[in-house]
Amino acid sequence: QVQLVESGGGSVLAGGSLRLSCVASGDIYRNGYMGWFRQAPGKEREGVAAIYTGNGVTYSADSVKGRFTISQDNAKNTVHLQMNSMKPEDTAMYYCAASRRVPYGGITWGRSSAYGYWGQGTQVTVSS
């Protein structure tokens with residue numbers, strides 16, 4: 001049974017930091033993409049950052065560049081999203097996602113449809 005378990009969400013003041021974690025089980029972590037997406041009420045789900053677990057190459061949205069960093073701990077099948085200098089517009093439900101096993105470059109990292117597995121989501125709220 002494939003499982004993605006997220007943690008680390010909560011409330012923070014603008015300018016503060018949060019660190020999200022996602023632990024993957026099942027045959028989904030190696031040689032695939034792990035991504036973080038977010039969705040605010042009334043808006044489309046948006047790709048935030050992703051990492052190809054086979055080589056550590058990372059991707060991020062323009063809206064979070066310089067503020068958010070995705071990283072991996074392969075020994076623990078875990079990815080993290082370090083969020084610094086947070087803004088009220090970062091408020092959303094954040095989801096961890098995993099692609100099926102694909103070669104590097106095999107998906108468009110920011111498309112929700114490219115990911116076959118999703119976590120339950122964790123709420124992030126940033127107050128000004």
Are Ser17 and Asn84 linked by a side-chain donor-acceptor pair shorter than 3.5 Å? yes
Connected via hydrophobic side-chain network under 4.5 Å: Tyr117 and Val5: no
Begin from the C-alpha positions of Arg67 and Met83 and carry the test side-chain contact (heavy atoms from CB on, under 4.5 Å) through to its verdict. CA-CA 6 Å; Arg67 301 188 299 119; Met83 303 185 291; over 6 Å; no
Salt bridge (Lys or Arg N to Asp or Glu O under 4.0 Å): pairs with one or both residues in residues 93-121, sequence neighbours excluded: Asp27-Arg101
Step-by-step side-chain contact (heavy atoms from CB on, under 4.5 Å) determination, Ser112 to Trp118: CA-CA 10 Å; Ser112 297; Trp118 294 84; 4.0 Å; yes
Below 4.5 Å, heavy atoms only, C-beta onward: do Leu81 and Val48 meet side chain to side chain? yes
Taking the six-membered ring of Tyr95 as reference, does the NZ or CZ atom of Arg45 fall below 6.0 Å from its centre and within a 45° cone about the axis? yes
So for atom CD, which belongs to Glu44, do other residues, nucleotides or ligands contribute more than 12 heavy atoms lying within a distance under 6.0 Å? no
Between atom CD of Gln123 and atom CZ of Arg38, what is the distance when rounded to the nearest 0.5 Å? 12.0 Å
Would Trp36 and Cys96 count as a side-chain contact (heavy atoms from CB on, under 4.5 Å) if you check the C-alpha gap in whole Å, the side-chain angles of each, and the deciding distance to 0.1 Å? CA-CA 5 Å; Trp36 288 99; Cys96 178; 4.0 Å; yes
Charged N to carboxylate O under 4.0 angstrom, Asp90 versus Lys87? no
Search all heavy atoms of Gly10 against all heavy atoms of Leu18 and return the closest pair with its distance. O-CD1, 3.8 Å
Would you name the heavy atoms of Ser63 and Glu46 that are closest together and state the gap between them? OG-OE2, 3.5 Å
State whether the side chain of Thr122 and the backbone N or O of Gly9 hold a donor-acceptor pair below 3.5 Å, judged by distance alone. yes
Criterion side-chain contact (heavy atoms from CB on, under 4.5 Å) against Met34, the qualifying member of Ile70, Thr78, Val79: Val79
Identify the heavy atoms of Val126 and Thr91 that sit nearest to each other, and give their distance. N-OG1, 2.9 Å
So which heavy atom on Leu4 is nearest to which on Ala24, and how close? CD2-CB, 3.5 Å
Would you check if the distance from the ring center of Tyr52 to the ring center of Tyr59 is below 6.0 Å? no
Under the salt bridge (Lys or Arg N to Asp or Glu O under 4.0 Å) test, which residues partner Lys43, sequence neighbours left out? none
Rounded to the nearest 0.5 Å, what's the gap from OG on Ser99 to CG on Asn31? Could you check? 9.5 Å
Report the distance from atom CG of Asp73 to atom OG1 of Thr53, rounding to the nearest 0.5 Å. 12.5 Å
Minimum heavy-atom distance between Ala14 and Ser128, given as atom pair plus value: CB-CA, 4.1 Å
Once you measure the plane-to-plane angle for Tyr33 and Tyr104, does it fall in the parallel (<30°), tilted (30-60°) or perpendicular (>60°) bin? parallel
Gap between atom CZ of Phe68 and atom CE of Met86 - 0.5 Å precision: 4.5 Å
Linked, directly or transitively: Met93 and Val12 (ILVMFWY side chains, under 4.5 Å): no
Quick test of your reading: applying disulfide (SG to SG under 2.5 Å), list the pairs with at least one residue in residues 38-93, sequence neighbours left out, ordered by first then second residue. none
Check the pair Leu20, Val124 against side-chain contact (heavy atoms from CB on, under 4.5 Å), reporting the backbone distance first and the verdict last. CA-CA 10 Å; Leu20 307 183; Val124 171; 4.2 Å; yes
Is it the case that the side chains of Ser71 and His80 hold a donor-acceptor pair, with the cut-off being a distance below 3.5 Å and no angle test? no
Cys22 backbone acceptor or donor facing Glu6 side chain under 3.5 Å: no
How close do Ala61 and Gly47 get, counting heavy atoms only, and between which atoms? CB-O, 3.5 Å
